[in-house]
Amino acid sequence: MTKQYWLMKSEPDEVSIDDALAAPKQTVAWTGVRNYQARNFMKDVMRVGDGVLFYHSSCPEPGIAGIAEVASTPYPDPSQFDRKSPYFDAASKLESPRWTLVDVRALRKTRLLGLPEMRETPALAGLLVLKKGNRLSITPVSAEHWRVIEKLLT
DNA sequence: GCCAACGTTGGC
DNA sequence: GCCAACGTTGGC
């Protein structure tokens with residue numbers, strides 16, 4: 001299987017690229033995804049070593065803030081069983097967990113590649129996160145788009 | 001705070 | 001299985 005690429009949104013108030021880099025092994029569990037499409041990417045498609053664009057959302061300057069990689073195979077998201085968590089899901093059973101996540105290891109912080117600049121870059125046309133109305137927190141990124149973005153971040 | 005887009009829920 | 005109501009995401 002060749003390496004695939006992803007864009008993963010995180011609210012920096014929750015987990016920023018700095019938080020991820022400060023975590024043990026620069027690795028964080030991608031907790032809290034409660035959308036089946038995004039879950040399925042983590043559960044069925046991602047492979048350890050896949051490239052990840054670490055995206056800051058719902059903040060003053062949304063955009064790509066760092067480079068990361070998929071660091072684990074999928075496993076159940078513990079927060080779904082934690083009554084005190086905002087991500088608690090009473091309908092999810094221990095024997096058949098509904099929500100799955102992967103670990104993500106931050107590799108480096110980059111300059112912020114903001115949404116407006118991304119929109120202004122013709123080579124990034126078609127990038128899923130730029131599509132109007134897109135709310136999906138995990139989207140695949142083509143190898144071509146990945147290369148363009150890496151270059152912009154250099 | 002507004003609102004467009006879209007996912008989920010539940011009555012029928 | 002349809003679809004209206006409702007909830008959430010996330011940019012602005």
Side-chain angles (χ1 to χ4, degrees), chain A residues 4-23 27-46 50-71 74-142 144-146 148-153:
Chain A
Q4 299 195 78
Y5 302 96
W6 306 94
L7 182 146
M8 299 177 79
K9 295 180 189 171
S10 182
E11 301 189 12
D13 284 353
E14 304 287 328
V15 182
S16 69
I17 184 71
D18 291 318
D19 296 333
L21 283 167
T27 299
V28 292
W30 210 260
T31 191
V33 170
R34 294 294 179 268
N35 168 282
Y36 287 105
Q37 219 182 328
R39 180 207 66 177
N40 290 345
F41 285 139
M42 293 195 285
K43 187 165 82 74
D44 304 326
V45 192
M46 283 184 178
D50 278 2
V52 172
L53 300 170
F54 199 111
Y55 181 95
H56 284 173
S57 70
S58 293
C59 57
E61 277 194 292
I64 293 165
I67 303 286
E69 67 180 7
V70 175
Y75 63 97
D77 182 345
S79 68
Q80 70 195 301
F81 303 120
D82 177 1
R83 295 199 162 272
K84 275 171 269 174
S85 166
Y87 304 122
F88 176 68
D89 182 352
S92 183
K93 300 274 170 287
L94 260 176
E95 320 82 70
S96 56
R98 179 178 291 184
W99 304 110
T100 299
L101 53 67
V102 297
D103 290 341
V104 172
R105 178 183 304 119
L107 298 177
R108 63 189 170 95
K109 184 177 184 173
T110 62
R111 76 176 178 91
L112 187 97
L113 176 57
L115 256 193
E117 183 179 353
M118 293 168 73
R119 293 193 195 285
E120 280 168 16
T121 305
L124 292 182
L127 191 69
L128 286 171
V129 79
L130 302 181
K131 265 184 68 179
K132 187 181 174 185
N134 164 69
R135 297 183 306 161
L136 200 54
S137 65
I138 300 176
T139 47
V141 174
S142 71
E144 204 117 329
H145 284 152
W146 176 273
V148 171
I149 289 166
E150 273 205 315
K151 196 159 196 179
L152 286 171
L153 291 174

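Protein chains get the first letters and strands the later ones, always in sequence-line order, with residue 1 at the start of each.
Every residue two or more places apart in sequence or in another chain was checked for a salt bridge (Lys or Arg N to Asp or Glu O under 4.0 Å) with A/E11, and none qualifies. With sequence neighbours excluded, no residue forms a salt bridge (Lys or Arg N to Asp or Glu O under 4.0 Å) with A/D82. Every residue two or more places apart in sequence or in another chain that forms a side-chain contact (heavy atoms from CB on, under 4.5 Å) with A/P76 is listed here: A/Q80, A/P97. A/S79 pairs by the side-chain contact (heavy atoms from CB on, under 4.5 Å) definition with A/T31, A/R34, A/D77, A/S85, A/Y87, not counting sequence neighbours. Remark: A/H56 pairs with no residue by the side-chain hydrogen bond (donor to acceptor under 3.5 Å, both in side chains) rule, at least two apart or across chains.
Residue A/L7 contributes atom CG, which lies 15 Å from atom C1' of C/dT9 at whole-angstrom precision. The separation between A/L136 atom CG and C/dG11 atom P is 13 Å, rounded to whole Å. Counting to the nearest Å, the C1' atom of B/dT9 and the CG atom of A/N35 are 15 Å from each other. Nucleotide C/dT8 holds its C1' atom 15 Å from the CD atom of A/Q37, rounded to whole Å. Across the protein-nucleic acid pair, A/M8 atom CE and C/dT9 atom P stand 16 Å apart, rounded to whole Å. Atom CG in A/N134 sits roughly 11 Å away from atom C1' in C/dG11 (whole-Å rounding). Rounded to an integer number of Å, the gap from A/Y36 OH to C/dT9 P is 14 Å.
Under 4.0 angstrom from either OP1 or OP2 of C/dT8 there lies no side-chain N or O belonging to A/Y87.
Listed by residue number, the members of residues 114-133 of chain A with any heavy atom below 4.0 angstrom from DNA chain C are A/L115, A/R119. DNA chain C is contacted by A/S57, A/S58, A/P62 of residues 57-68 of chain A, taking any non-hydrogen atom closer than 4.0 Å.
Here A/L113 contributes atom CG and A/I149 contributes atom CD1; the two are 6.5 Å apart, rounded to the nearest 0.5 Å. With rounding to the nearest 0.5 Å, the separation of CG in A/L112 from CD1 in A/I64 is 8.5 Å.
Note that the two end axes of the helix from B/dG1-C/dC12 to B/dC12-C/dG1 enclose an angle of 10°, each drawn from 5 base pairs, rounded to 10 degrees.
A/P140 has its side chain within reach of A/W6: a pair of non-hydrogen atoms, C-beta onward, lies under 4.5 Å apart.
Applying the salt bridge (Lys or Arg N to Asp or Glu O under 4.0 Å) test to every pair with at least one member in residues 60-69 of chain A, sequence neighbours left out, gives these pairs: A/E69-A/R105. Within the structure, every pair that satisfies the salt bridge (Lys or Arg N to Asp or Glu O under 4.0 Å) test and touches residues 87-103 of chain A, not counting sequence neighbours, is listed here: A/D89-A/R98.
Using cut-offs of 30° and 60° on the angle between ring planes, the pair A/F54 and A/W30 is perpendicular.
Taking the six-membered ring for Trp and the full ring otherwise, the centers of A/Y36 and A/W99 sit less than 6.0 Å from each other.
Counting heavy-atom neighbours within 6.0 Å of A/E150 CD, excluding the residue itself, gives a total above 12.
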Check nucleotides 4-7 of chain C for protein N or O atoms closer than 3.5 Å to its own N or O atoms and list the pairs.
unit_1	atom_1	unit_2	atom_2	d
C/dG7	N2	A/R135	NH1	3.4

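Checking C/dG11, B/dT8, C/dG10 against every side-chain atom of A/K9, the shortest atom distance belongs to C/dG10.
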Distance-only donor-acceptor hits, side chain of residues 119-139 of chain A, under 3.5 Å, sequence neighbours excluded:
unit_1	atom_1	unit_2	atom_2	d
A/R119	NH1	A/L130	O	2.9
A/T121	OG1	A/E117	O	2.7
A/N134	OD1	A/L136	N	3.2

